[in-house]
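Following: one structure in structure tokens, then a few remarks.
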Amino acid sequence: MVKIAFLQLLPSKNVKENMEKGIQYCKEAKKLGADIALFPEMWSCGYHIPYDMEKLNELAIPAGGEFVTRYAELAKELDMAIGITFLERCEFKPRNTICLYDRHGKAVYKYSKVHICNFGEEGDESVLCAGDEFTVAELDTAKGKLKVGSMICYDREFPESARILMLKGAELVLVPNACPMEINRLSQLRGRAYENMFAIATCNYPAPHPDCNGHSTLFDGVVYLPGLSDSRDTCILETDESEGLFLAELDINMLREYQIREHQNLENRRPELYGILAKK
């Protein structure tokens, strides 16, 4: 069992305070036996996006700066993987980024949100730079190695995001989030886990953070089990709206056995007919 800690937290006033608060909750997660700790979207700034470019660039932080490297060090200190999220300072415009560090403090991957929320409204993500690749990498945990990738919030609304991660071998997808998780978005996550036969762990901000309501989730993706006549509920965890540290256990061996049994879902694909998906 891989134990995942969802840090469903309210952000503080500035980057420094967010760093310290996150550190304390990571330490608590380790005390509770967590193997992976996951933050909500852009934890460094509490998903605050100034529309003024000067203020935005002042808020952005480098991937090699104190905030991020402190969590790399913390991952090694705690012998626990950490998925830390931040507004990343880049050459042109900032990015919405997650860095996953393993229990040795080694960088497993850095992923920037591919589908930015560009709705033409003040405060949306049109002032950010989009990522350009979906990454899957092997994460070393105390419970063994597993293949992990990420989507960030709006990415989950595009089936292609999850399908690419599945084709790259993802077993667990970590999803930092910052929006209201209502029945339709929760259904998206359930559907992505079902159709791709992998687990999805989503960490959201709690209420009353603006436009957020908690409901962090873990869907394990295992729909059928031998001996069960009906399908099973793949929802392992759904939190309430409150602030807190929530834990869920993922049975990675059960998932792998399921992927082997249901391999025809991959083999029966017809990619020669999917060309229109790559056209505008």
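All residue numbers refer to positions in the sequence shown, counting from 1.
- For the atom pair Lys106 NZ and Tyr101 OH, the distance stands at 12.5 Å (nearest 0.5 Å).
- Listed by first and then second residue, the side chain to side chain donor-acceptor pair (under 3.5 Å) pairs that reach into residues 244-259 are Glu171-Arg256, sequence neighbours excluded.
- Between Thr135 and Ser150, the closest side-chain pair of non-hydrogen atoms is not below 4.5 Å.
- Taken to the nearest 0.5 Å, the OH atom of Tyr154 stands 12.5 Å off from the CD atom of Glu41.
- Inspection of the Glu241 and Tyr205 side chains reveals no N or O donor paired with an N or O acceptor under 3.5 Å.
- The shortest non-hydrogen separation linking Gly214 to Asn204 is O-ND2, 2.9 Å.
- For Asn57 and Arg89, the side-chain atoms include no donor-acceptor pair closer than 3.5 Å.
- At a cut-off of 3.5 Å, with distance as the only test, a side-chain donor of Ser216 or Gln8 sits close to an acceptor on the other residue.
- For Tyr71, there are no side chain to side chain donor-acceptor pair (under 3.5 Å) partners, not counting sequence neighbours.
- Side-chain atoms of Cys203 and Pro40, non-hydrogen and from C-beta on, do get closer than 4.5 Å to each other.
- The local environment of NZ in Lys147 is sparse, with at most 12 non-hydrogen atoms from other residues, nucleotides or ligands closer than 6.0 Å.
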Assess whether salt bridge (charged side-chain N to carboxylate O under 4.0 Å, His left out) is satisfied between Arg103 and Asp79, documenting all intermediate values.
CA-CA 4 Å; Arg103 64 195 181 101; Asp79 192 38; 3.1 Å; yes
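- Residues near Phe92 contribute nothing to a hydrophobic cluster around it, because no ILVMFWY side-chain heavy atom sits closer than 4.5 Å to its side chain.
- Counting heavy-atom neighbours within 6.0 Å of Lys168 NZ, excluding the residue itself, gives a total above 12.
- Atom CD of Glu272 has more than 12 neighbouring heavy atoms from other residues, nucleotides or ligands inside a 6.0 Å radius.
- Grouped by direct or indirect side-chain proximity (heavy atoms under 4.5 Å, Ile/Leu/Val/Met/Phe/Trp/Tyr only), Ile260 sits alone.
- Counting only heavy atoms from C-beta outward, the side chains of Lys93 and Val127 never approach each other to under 4.5 Å.
- The pair Arg185-Glu157 counts as a salt bridge, with a side-chain nitrogen and a carboxylate oxygen less than 4.0 angstrom apart.
- The two residues Leu87 and Cys45 make their nearest non-hydrogen contact at CB-SG, 4.0 Å.
- Partners of Arg156 by side chain to side chain donor-acceptor pair (under 3.5 Å), not counting sequence neighbours, listed by chain and number: Asn177, Gln188.
- Using a 3.5 Å distance cut-off with no hydrogens or angles, the side chains of Ser126 and Tyr51 do pair a donor with an acceptor.
- Aromatic ring orientation, Phe67 versus Phe86: tilted (interplanar angle from 30° to 60°).
- For residues 203-223, the set of pairs meeting the salt bridge (Lys or Arg N to Asp or Glu O under 4.0 Å) definition, not counting sequence neighbours, comprises Asp220-Arg232.
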